[in-house]
Amino acid sequence: MAKGLFPRAWVKKSFYFQARISFVRVKYLFLTWLAVLVGSWVLYVQYSAYTELCRGHECKNAICDKYRKGIIDGSACSSLCDKDTLYLSRCLSTLADNQVYTGSWGDHDGIIRCKLGEVVHLELGEEPEPRRETPVFDKPTRGTSVEKFREMVFNHLKSKLGEQTNLASLVSQILTIADGNTDGRVSLPEARSAWALLQMDEVLLGLLLQDRGHTPRLLGFCGDLYMTERVHYGPLYGLSLPWPLVSWVPSSMQRSMDQWFTPSWPRKAKISMGLLELVEDLFHGTYGSFLICDLAAAHFGYTDRHELRLTDARAVVSEDEFKRTMRALKCETDADCVYGVDCKTLCDLSEKRCKEEPVQPNLAKACGTLKDYLLRGAPSGMREELERQLYSCMALKASNAGQMNMEHSLILNNLKALLWRQISHTKDS
């Protein structure tokens, strides 16, 4: 009897074991299929986003078409369109209408930027529509004299920067840059390119700040496409994640990673002094005062010598334009009175209008950006004093002009002196 039961039990166990193996196989086959499906969908979404964001070939074709028709000209046109010695390389665009690429031009590595018209969202299988042109190359018109163009540039700068005593010298500097082939005269196509560039605030502000070494130098232009020096180290801190990973890494983890990938502390101190000097030059600069309305680390980088560069001048606005904009804003609460990311004023509840004075000066926001950056790894002998000064700096408010000027200068000079004492004896200074 026992002998008859053994094979039956063995068969039952064998059948159960085989059924379990089959179930496991089906389970893993299903999971593998699901992983492939999800992965394919993610790749499709990312590829679609990439093809929509990265349209440098359209930019080049549109610019070169205008150049060959004699509408525009500039120092980079021949290299871009005729000689093919100016190359667009890696796409860095984050907005479809603002193309950004790394590029090379002879011995120069740089960043190439170009504006695109309105981009239409496409469905699967549809062909992209041509660039929707905007009439940016219609001024100056045929027959405009150089003196008339000089007057146009002067009035444009005055509208952007307000009444400044040295605007005439800035106009002369811009006309010199506009002379792309350096033949001593500005042709109509060159003037159209220069005028198109001046309509972009980031180009104008970059020109204002490059003489002080705060922004990358303008290398060349053709129409509204232009190339600046490449800042090889950026952002100011943190890690630039590859585009497929950005959306998958939680923001909290990205913030904790920010301080892992930074230079040694003496080098961080030198970079920080560069930011403080930028703030100082913007406070009462050659062409008036300016506000930094987005102090995100992504807008800054540094060179091999650890000198700070403002890599995105769109974060900066002239104080005159800021006040003009805020005066025109209607408001219900203080939250309605924001320019850019973090330039804020108060709401005048009696008039339902935003006040024009910023709540927080550039220096206070800069110190907030530098706090974690500088305190991590700071020498123990000066950490307490550094922390005290940074918090005093962050507490700065935009009070009456005279008092703020004194406090601003005192805190700025004390902080720069403290950092300089720590690095003046090192090779990083």
Side-chain angles (χ1 to χ4, degrees), residues 95 154-167 170 198-206 208-209 214 275-276 278-300 310 312-371 389-413 415:
L95 295 171
F154 182 89
N155 290 333
H156 177 71
L157 296 178
K158 184 177 176 182
S159 71
K160 291 291 183 181
L161 305 174
E163 293 281 357
Q164 304 295 332
T165 57
N166 44 10
L167 282 186
L170 180 58
L198 289 176
Q199 307 314 301
M200 295 184 281
D201 291 345
E202 65 268 26
V203 177
L204 174 58
L205 291 166
L208 296 180
L209 296 171
H214 296 309
L275 180 56
L276 295 175
L278 168 63
V279 168
E280 187 174 23
D281 287 339
L282 290 177
F283 187 50
H284 286 304
T286 309
Y287 301 103
S289 297
F290 296 83
L291 297 172
I292 307 176
C293 291
D294 189 357
L295 266 158
H299 297 322
F300 300 90
L310 173 65
D312 190 350
R314 289 176 299 176
V316 180
V317 61
S318 73
E319 189 174 60
D320 190 71
E321 184 175 344
F322 171 78
K323 288 182 176 180
R324 191 166 58 244
T325 302
M326 299 314 291
R327 281 197 299 266
L329 277 184
K330 296 180 180 179
C331 62
E332 296 291 335
T333 66
D334 291 343
D336 298 324
C337 300
V338 181
Y339 186 104
V341 174
D342 54 15
C343 282
K344 303 173 182 178
T345 68
L346 300 176
C347 179
D348 186 336
L349 296 177
S350 60
E351 297 186 9
K352 301 292 184 181
R353 292 274 180 181
C354 293
K355 296 181 179 180
E356 63 178 35
E357 293 300 330
V359 173
Q360 200 176 29
N362 288 331
L363 183 57
K365 293 187 288 187
C367 288
T369 298
L370 293 176
K371 179 174 71 69
Q389 289 200 24
L390 284 171
Y391 276 103
S392 296
C393 174
M394 290 163 60
L396 269 175
K397 298 292 182 186
S399 52
N400 69 75
Q403 182 182 350
M404 192 185 80
N405 285 351
M406 288 180 57
E407 290 182 355
H408 189 283
S409 298
L410 183 63
I411 289 175
L412 181 63
N413 290 335
L415 194 50

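These numbers come from the heavy atoms of this one structure, side chains and all, not from hydrogens, waters or symmetry mates.
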Asks: Would you call Leu370 and Leu415 a side-chain contact if the rule is heavy atoms closer than 4.5 Å?
Replies: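 They are not in side-chain contact.
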Asks: Any side-chain to backbone donor/acceptor pair from His156 onto Leu198? Under 3.5 Å, distance only.
Replies: yes
Asks: Could you give the distance from NE2 (His408) to SG (Cys393), rounded to the nearest 0.5 Å?
Replies: 8.0 Å
Asks: Looking only at non-hydrogen atoms, find the nearest pair between Arg314 and Leu95 and report the distance.
Replies: NH1-CD1, 4.4 Å
Asks: Side-chain contact, heavy-atom cut-off 4.5 Å: Lys365 with Cys343?
Replies: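 They are in contact (side-chain heavy atoms under 4.5 Å apart), so the answer is yes.
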Asks: Got a second to check how far Leu363's CG is from Leu278's CG, nearest 0.5 Å?
Replies: 11.0 Å
Asks: CG/Asp336 to SG/Cys354 distance, rounded to the nearest 0.5 angstrom?
Replies: 6.5 Å
Asks: NZ/Lys355 to CG/Asp334 distance, rounded to the nearest 0.5 angstrom?
Replies: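 Those atoms lie 8.5 Å apart.
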Asks: Can you give me the closest heavy-atom contact between Leu205 and Val317, atom names plus distance?
Replies: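 In this case the closest contact between Leu205 and Val317 is CD1-N, 4.5 Å.
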Asks: Can you find a heavy atom in the side chain of Thr345 that is under 4.5 Å from one in the side chain of Leu329?
Replies: no
Asks: SG to SG below 2.5 angstrom is the rule I want applied to Cys331 and Cys337. Does it hold?
Replies: no
Asks: Treating Glu319 as the side-chain partner and Ser289 as the backbone partner, does any N or O pair qualify as donor plus acceptor under 3.5 Å?
Replies: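 No: the side chain of Glu319 does not pair with the backbone of Ser289.
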Asks: Evaluate side-chain contact (heavy atoms from CB on, under 4.5 Å) for Leu170 paired with Leu161, printing each intermediate quantity in order.
Replies: CA-CA 11 Å; Leu170 180 58; Leu161 305 174; 4.0 Å; yes
Asks: Work out which heavy atom in Gly162 is nearest to a heavy atom in Leu167; give both atom names and the distance.
Replies: O-CD1, 3.9 Å
Asks: Might you point out which heavy atoms bring Lys371 and Leu390 nearest each other, and give the distance in Å?
Replies: CA-CD1, 4.0 Å
Asks: Out of Thr369, Asn362, Val341, which residue meets the side-chain contact (heavy atoms from CB on, under 4.5 Å) rule with Ile292?
Replies: Asn362
Asks: Would you please name every residue forming a salt bridge (Lys or Arg N to Asp or Glu O under 4.0 Å) with Glu321, sequence neighbours left out?
Replies: none
Asks: Step through the shown structure and confirm whether more than 12 heavy atoms of other residues, nucleotides or ligands are within 6.0 Å of NZ on Lys158.
Replies: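 At most 12 heavy atoms, drawn from other residues, nucleotides or ligands, come within 6.0 Å of this atom.
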Asks: What's the separation between atom CG in Leu275 and atom CD in Glu280, rounded to the nearest 0.5 Å?
Replies: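 Here the rounded value is 11.5 Å.
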Asks: Between Asn166 and Thr286, is there a donor-acceptor pair closer than 3.5 Å when you use the side chain of the first and the backbone of the second?
Replies: yes
Asks: Angle between ring planes, Tyr339 versus Phe322, binned at 30° and 60°: parallel, tilted or perpendicular?
Replies: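 Geometry flag for Phe322 against Tyr339: perpendicular rings.
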Asks: If I compare all heavy atoms of Lys352 with all of Glu332, which pair ends up nearest, and what's the gap?
Replies: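 Here Lys352 and Glu332 meet closest at NZ-OE1, 3.3 Å.
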Asks: To check you understand the geometry: which heavy-atom pair defines the closest contact between Ser392 and Ile411, and what is its length?
Replies: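 That closest heavy-atom pairing would be O-CD1, 3.9 Å.
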Asks: side-chain contact (heavy atoms from CB on, under 4.5 Å) for Leu282 and Leu209? Distances and angles first, verdict last.
Replies: CA-CA 9 Å; Leu282 290 177; Leu209 296 171; 3.7 Å; yes
Asks: Give, for atom CG of Asp281 and atom CZ of Phe290, the distance between the pair rounded to the nearest 0.5 Å.
Replies: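 Going from CG on Asp281 over to CZ on Phe290, the span is 11.0 Å.
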Asks: Salt bridge (Lys or Arg N to Asp or Glu O under 4.0 Å) with Lys160: which residues, sequence neighbours excluded?
Replies: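 Per chain and number, Lys160 pairs via salt bridge (Lys or Arg N to Asp or Glu O under 4.0 Å) with Asp201.
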Asks: Any ion pair linking Lys323 and Glu357 (charged N to carboxylate O, less than 4.0 Å)?
Replies: yes
